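In what follows, a single structure is set out as structure tokens and then discussed.
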Amino acid sequence: MEYIIEMINIRKEFPGIVANDNITLQVKPGEIHALLGENGAGKSTLMSVLFGLYQPEAGTIKVRGKEVKITNPNIANDLGIGMVHQHFKLVHNFTVTENIILGMERVKNGKLDIDSAAKRIEELSKRYKLTVNPHAKIEDISVGMQQRVEILKMLYRDAEILIFDEPTAVLTPQEIEELMHIMKNMAAEGKTIIIITHKLKEIKAVADRCTVIRKGKSIATVDVKETSEEKMAELMVGRQVSFKVDKKPANPGKEVLRIENLNVKDNRGIKAVKDVNLAVRSGEILGVAGVDGNGQTELIEAITGLRNIESGKIFINDIEISNLPVRKRSEAGLGHIPEDRHKHGLVLDFSLEDNMILETYYKEPFSSKGILNREKIRSYAEDLIKQFDVRSGQGATTLTRSMSGGNQQKAIIAREVDRSPEVLVVAQPTRGLDVGAIEYIHKRIVQERDKGKTILLFSLELDEVLNLSDRIAVMYEGEIVGIVNASETNENELGLMMAGGGRDSHE
Amino acid sequence: TGCTNKQSTPSTQEKTKVGMVTDSGTIDDKSFNQGTWEGIKKYAADKGTIEEKYLQPSGEQETDYINAINDLVDSGYKIVVTPGFKFETAINKAADAHKDSTFILIDGMPHEEGKFDFVKHDNVVSVFFTEHEAGFLAGVASALSTKTNKLGFVGGMKIPPVEKFGIGFKAGVLYANKTFGTKAEIVDYIYQGTFDDVAAGQTLAAGMYNKGVDIIFHAAGGVGAGVFNEAKQRAEKGQKVWVVGVDVDQYETGKISNGSSVTLTSAMKRIDVAAYDYIDAKLNGNFPGGQIITLSLAENGVGLPENNPNLSADTITKVEQAKKDVLDKKITVPTSEDELAKFMK
Amino acid sequence: MWDIITNIVPLALAYTAPLLIIALGGLYSERSGVVNIGLEGLMGIGAFTSALVISKTAGNLGHTAVYVGLLAAALAGGIFSVLHAFASVTMRSDQVVSGTAINILSAALTVYLARSLTGSANIQIVSGFIKRDVPVLSKIPVIGPLFFREAYITTLIVFLIVVFSWFILYYRPFGLRLRACGENPQAADSLGINVLKMRYIGVIISGVLAGLGGGIVITTYSGEFSPLVYSGLGFLALAALIFGKWNPWGVVGASLFFGLAKTVADMSKLFEGLKGMPNIIFNTFPYVVTLVALVLFSKNAAGPKAAGEPYDPGKR
Amino acid sequence: MNKKKIIIPLLAVLLGFITGAIVMILTGHNPIEAYSALLKGAGLFGDVKRFGDTLLNMTTLILTGLSVAFAFRTGLFNIGAAGQMLMGGFVAVLIGVKFNLPPFIHVTIATITAVLAGAAWGYIPGLLKAKFRIHEVVSTIMMNYIAMWSVYYLVPKYIPGSFSTESKAINTSASLRTEWLTNLFKGSYVNLGLFLALIAVLLIWWILEKTTFGYELKAVGFNLHASQYAGMKVNRNMILSMMISGALAGLAGATYYIGYANNIKIGVLPSQGYDGIAVALLGLNSPFGVALTALLFGFMNAGRLFMQSSTSVPNELVPIIIAIIIFFAATSLMLETWLKKSEKFFKKSEGGK
Ligand SMILES: Nc1ncnc2c1ncn2[C@@H]1O[C@H](COP(=O)(O)OP(=O)(O)OP(=O)(O)O)[C@@H](O)[C@H]1O
Ligand SMILES: Nc1ncnc2c1ncn2[C@@H]1O[C@H](COP(=O)(O)OP(=O)(O)OP(=O)(O)O)[C@@H](O)[C@H]1O
Ligand SMILES: [Mg+2]
Ligand SMILES: [Mg+2]
């Protein structure tokens with residue numbers, strides 16, 4: 001058996017679009033096979049077909065050489081196929097164990113047998129080094145642990161073929177490292193892995209072979225060892241892509257954003273930000289690095305006004321904004337690209353144009369005396385759409401929900417950048433985006449800096465922080481444990497600091 | 001279907017269409033709607049000269065009533081029967097608008113809004129009942145029948161007919177105490193406040209029976225259904241509790257599984273007779289148009305049922321005596337609290 | 001005082017039982033992800049069916065007819081709820097619209113059928129259940145007089161169903177799956193659980209229980225079917241469901257709380273000291289205290305996450 | 001897209017009537033006779049008075065429908081329109097009975113206070129939701145009953161009428177009825193409320209589509225978090241939204257109690273409050289949809305009794321038909337798929353030529 005999985009000439013249409021256009025994918029047993037392609041290229045769709053969530057219009061699927069019809073996930077499970085979805089499919093108020101056993105529960109003495117399931121989960125998590133607390137509720141655990149739960153779900157079902165759809169988009173560097181390790185482990189144990197990721201480095205690190213998809217068509221399958229990152233990117237986008245952000249040295253001006261002794265509590269009432277002091281100057285990008293859950297979210301929300309502070313002060317140009325409502329802060333010159341674009345960034349049921357004026361609708365020229373000026377709004381939105389190359393079906397009137405993540409993100413960036421706020425808080429600006437989109441967004445952020453704006457960048461991706469920032473602050477357990485110049489540091493040093501060690505640590 | 005009666009015998013004569021509009025509640029309310037309708041249906045069955053139909057208006061506002069009456073008239077209904085004082089102002093207007101139609105208004109008289117002066121229309125007869133007299137007899141019967149000397153009254157909403165039943169009941173108990181030496185006392189005299197809260201009816205009845213009340217007189221529509229329900233459940237267990245029914249003979253309503261009934265007696269109001277009689281009067285050319293007619297004990301318009309299996313012979317005799325006192329005008333049954341106060345002296 | 005309490009509590013329990021079972025029905029439906037505003041209508045169907053069946057069969061079956069009537073009520077509620085399931089699960093329509101249609105349809109249809117089948121919209125039953133002291137249990141001090149004296153057997157049945165439901169929902173695979181469908185149907189689907197089937201089951205159970213609730217109304221405190229059964233009990237049950245935070249014991253608490261408040265208000269007219277007070281105080285009492293209780297105890301009641309959203313496997 | 005939005009409810013209505021006809025045939029009645037009686041009773045064959053009654057019925061339903069729809073558009077489910085309507089009506093009647101003012105001024109004050117009373121009754125659930133996150137479904141249900149019992153107590157105490165179950169009639173100066181309209185419609189009580197309702201439709205449409213306020217309300221309705229992020233005052237908007245919803249219901253109360261009727265009865269919650277839910281949903285929560293649906297319901301209400309009195313069809317069939325229509329509207333997805341299929345079919349057969 002040369003191939004454990006063969007998807008031959010798969011075609012899948014959605015209303016108005018061909019998501020998969022005669023794609024062929026062949027995966028060898030025991031290999032780690034990467035799937036690469038732009039946002040919307042059709043990767044998730046292809047995997048959903050393999051997992052039985054969608055039925056293809058044409059094409060054949062062979063598993064272990066036998067032709068199969070996978071009409072629902074149960075069949076996929078029976079064939080030993082498991083999938084970790086791009087958006088986790090977990091029940092937030094169930095425990096880890098409950099989530100894992102869901103659908104194949106065992107009963108003992110008439111009751112759900114949670115205990116022996118938990119035991120088995122503990123065994124699995126030891127064997128594959130997937131640390132989880134079987135009795136914790138999903139809503140209480142970190143994203144990284146949630147992903148480990150997803151993986152355990154597959155292993156618990158004895159999956160032999162594991163599909164990972166963008167598993168690293170939401171992970172911290174450490175977690176990514178661990179995940180790569182786990183994948184290699186699993187491959188070594190004979191499991192076959194298909195991984196979708198936009199990060200070429202990761203493909204390089206773990207994958208044996210890589211199939212590139214562009215606009216629903218399979219372009220090529222390459223041997224990863226023999227193909228450079230640049231080459232893969234070029235195959236995927238159809239042109240050359242530069243990875244290094246093009247930027248001149250910063251030219252910082254006066255201090256614009258100042259944070260003094262800031263303390264903030266999280267949802268559970270525990271102090272999440274502790275005595276933070278920061279000062280950012282105009283014309284510079286200050287990156288904040290740190291492992292997820294070390295108070296970044298709370299810090300962002302405190303600065304932008306989405307969360308009350310405990311004590312301390314925040315200034316923009318000597319105006320204290322610490323207790324101002326969101327609107328006042330925005331008028332004082334604060335902009336915010338939020339980390340969760342669906343929760344905060346967009347009203348998904350609004351049209352694109354209505355989203356473009358989300359913070360400025362009450363101002364001239366979009367409205368006067370409380371009455372919207374639809375013409376102005378339309379022309380403004382169309383202008384931004386053109387300027388920022390936001391792609392969508394029906395232009396300004398497209399329902400935002402139907403847009404791809406990358407274009408949704410571009411819309412937010414267009415909106416925030418165009419307002420040209422003096423201080424721009426940018427959180428996870430490129431999560432889940434393809435290299436082309438990332439390249440573009442990075443360029444715009446640097447442009448803003450060069451215009452003399454103050455930029456506070458939060459990113460879980462060390463690469464991004466290192467590439468974009470002029471200075472880097474590292475957050476650990478709610479404290480800023482050190483600030484370094486981007487040009488004078490490297491991943492190793494940052495990683496160490498993020499783990500609580502490093503040069504400026506207090507003890 | 002329930003509302004049209006297709007007569008099988010084809011008559012050469014065109015049948016007169018007789019329509020009815022229901023008051024609040026439905027046609028099967030075991031009270032004035034149902035009573036009226038039964039009178040009409042009985043007439044149709046007996047004589048075969050009318051074709052009958054009822055309408056339930058969309059609401060209880062005057063506008064709803066007027067529109068329902070219009071619909072009947074526009075569909076060729078010549079006689080319209082409306083039970084309930086709520087129709088008073090609507091009939092006042094409709095009678096003018098439809099001079100060719102005849103109206104039988106039960107429990108009310110036409111008058112203008114905000115004024116209580118009777119407005120005479122030659123095509124309207126107004127029929128009132130002396131509910132207090134029925135309540136009075138029920139009170140006498142209850143006072144004579146109680147073993148615990150504790151009686152209860154549950155009224156629905158505080159509307160004139162209900163109040164009159166209640167006052168009469170009080171007077172009857174007083175009369176019995178004075179005349180026959182009974183020691184009955186109305187320990188709870190309550191208006192529940194609705195005609196539809198069945199659960200509250202049961203709760204109230206349970207509370208009263210628990211206090212030792214053994215007879216409850218209800219004039220409360222759906223709330224009364226709750227009272228009956230509680231009484232029946234207790235009777236099934238062998239407890240001796242009773243309900244006095246209202247408007248119609250509620251003996252059947254009170255039946256329990258062994259065939260007996262918890263209905264001691266019922267304070268009746270012969271609405272069916274009124275409907276029957278005035279349709280007949282109209283068709284025979286002796287319609288008392290423009291009159292206000294009060295049907296009382298004397299005309300057999302109110303009273304207790306003929307058969308009262310649950311009243312002892314002695315009680316029946318004594319009730320007859322009380323009835324005679326009223327008929328002979330030896331006593332005048334009060335209709336209001338003020339009159340009741342005088343009556344006590 | 002104790003006298004008064006032992007007087008009130010059994011009556012409150014009698015009133016609570018149908019409210020509780022209807023709310024519990026709502027719980028199954030909403031836990032599976034389908035908002036059921038049609039509880040009132042489903043209750044009415046049950047009430048109608050039980051009254052009809054009991055009145056038609058009591059002659060032959062005697063007291064057994066009452067149980068047959070209850071079963072028929074549950075069955076009819078279940079069958080009628082398929083309409084709601086079909087609209088909101090299969091057709092993915094707005095669940096509130098479909099529930100509203102159920103309410104309107106039920107009220108009109110039952111009265112229509114009652115008139116065409118029996119000639120009257122009121123269907124009376126000769127005898128329903130009778131409050132009795134539960135042997136042995138009613139002798140337990142304190143608890144006995146409160147919960148087991150003057151109790152309807154249906155109240156016990158309802159509480160058994162609550163215990164059973166709690167077990168089913170939290171200790172059986174079925175419950176885990178049902179709840180998963182209400183929280184994250186995509187997750188359930190990806191694990192091979194048939195979301196549509198689970199939702200059908202949830203809605204049908206809600207119909208069965210709401211229908212049973214209607215049957216209990218008839219066989220305990222009402223004694224007859226009439227258009228009056230549509231007096232808002234289903235809406236109160238919806239309120240109890242939310243007040244009880246979509247949790248069986250919470251719903252028990254909320255229903256009991258409401259039943260007690262209502263019974264106290266009804267009984268108040270019988271107590272000497274209270275007779276003189278303006279009746280607005282008693283009549284609004286159950287509703288006002290419910291609001292106050294919500295303010296005090298029930299912040300942030302969040303229902304099943306996916307309740308109200310039709311499940312569309314193609315949509316992410 | 002937009003065309004489809006209109007076609008589906010229309011199809012639903014059509015299917016509802018067809019199903020109603022089938023039910024009639026099955027139960028031995030003549031649907032053609034029945035439907036023409038329904039239309040005739042609603043004045044669609046030229047009886048001006050009857051058509052006036054259709055408009056009269058429509059008036060209240062437009063406003064309760066708008067009330068529910070407006071709340072829906074901002075993410076709130078207002079089951080409390082009945083209570084808000086009742087409180088509005090009570091206050092209007094109170095003013096109408098207690099004061100003696102020049103006609104125009106009197107009715108204006110009565111109407112405005114009704115609107116305010118409705119808003120106040122909506123304010124409470126709004127506040128409870130904003131401050132304590134109490135689900136508005138529970139609180140509005142409770143507020144309905146509180147309204148019912150408050151009116152039950154207040155009417156006999158302050159404005160008792162001939163009987164303790166109803167209030168005195170209002171002074172004619174406080175009535176929304178006008179002679180010229182009544183004459184124009186040959187005695188129907190269609191009244192100024194009709195114009196108020198139509199103005200409300202336009203106003204609500206304008207607020208929702210054209211103003212920043214409407215923009216905010218919709219944003220809050222769709223995505224609370226994004227609205228917070230954008231600097232909108234979420235709590236304030238929630239309260240305002242419930243208040244406007246209540247105000248519309250209060251206005252419905254005015255048109256009903258000092259227009260349709262001229263006094264207020266105790267012990268009942270106006271059914272129009274609940275009907276408003278159906279009107280809103282069938283009208284797709286859009287102001288114009290609500291107006292059209294209210295017209296449909298209005299004419300069914302106005303014509304149903306005539307249908308019953310002049311044919312053998314029982315009156316209960318009308319709500320059955322309404323329910324069926326709603327049900328078809330609810331399952332409009334099925335219709336949509338059918339539409340799509342038929343579209344495809346036609347396109348294919350065209351392409352084949
Ligand atoms: N449920 C759906 N309904 C309609 N169209 C869809 C649906 N899912 C995907 N598509 C279409 O199919 C195309 C491929 O989507 P897919 O999710 O497979 O992209 P992807 O390669 O996974 O993108 P990303 O990198 O952003 O995850 C999209 O451009 C979209 O237009
Ligand atoms: N319901 C839908 N209807 C139409 N297209 C859809 C739908 N859901 C997703 N898509 C399409 O699927 C593609 C990928 O969607 P997906 O949500 O995977 O985007 P994404 O870039 O991965 O976003 P994110 O990273 O924020 O999750 C997009 O091009 C989008 O247009
Ligand atoms: Mg994808
Ligand atoms: Mg993506």
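Quick caveat: nothing in here was measured; it's all calculated off a predicted structure.
Between D:Ile141 and C:Phe235 the shortest heavy-atom distance is CD1-O, 3.3 Å. Contact record, C:Ser98 with D:Phe327: OG-CE1, 4.4 Å, taken as the closest heavy-atom pair.
Here D:Met142 contributes atom CE and C:Leu291 contributes atom CG; the two are 6.5 Å apart, rounded to the nearest 0.5 Å. A distance of 12.0 Å separates CD1 of D:Ile146 from CZ of C:Phe285, quoted to the nearest 0.5 Å.
Looking only at side-chain heavy atoms (C-beta outward), C:Phe282 and D:Trp149 stay at 4.5 Å or farther from each other. The shortest distance between side-chain heavy atoms of C:Asn283 and D:Tyr153 does not fall below 4.5 Å. For the pair D:Leu128 and C:Val295, the minimum side-chain heavy-atom distance is below 4.5 Å. Side-chain contact between C:Tyr287 and D:Met148 is absent, with no heavy atoms from C-beta onward closer than 4.5 Å. By the 4.5 Å heavy-atom criterion applied to side chains, C:Thr100 and D:Tyr274 are not counted as neighbours. Taking 4.5 Å as the limit, every side-chain heavy atom of D:Ile320 sits out of range of all side-chain heavy atoms of C:Ile104. For the pair C:Ile280/D:Lys157, no side-chain contact is recorded, criterion being any heavy-atom separation below 4.5 Å from C-beta on.
Heavy-atom pairs under 4.5 Å with chain D peak, among C:Ala239, C:Pro310, C:Pro286, at C:Ala239. Ranked by heavy-atom pairs under 4.5 Å with chain D, the first of C:Leu83, C:Ile102, C:Asn103 is C:Leu83.
Other residues, nucleotides and ligands contribute over 12 non-hydrogen atoms within 6.0 Å of the CZ atom of C:Phe271. Other residues, nucleotides and ligands place more than 12 heavy atoms under 6.0 Å from the CZ atom of D:Phe17.
For C:Ser231, the part sitting under 4.5 Å from any heavy atom of chain D is the backbone (N, CA, C, O) and nothing else. Only the side chain of D:Ile79 comes within less than 4.5 Å of a heavy atom of chain C; its backbone N, CA, C and O stay farther away.
Tested against D:His135 for a side-chain contact (heavy atoms from CB on, under 4.5 Å), the candidates C:Leu294, C:Leu238, C:Ile242, C:Leu241 yield a single pass: C:Ile242.
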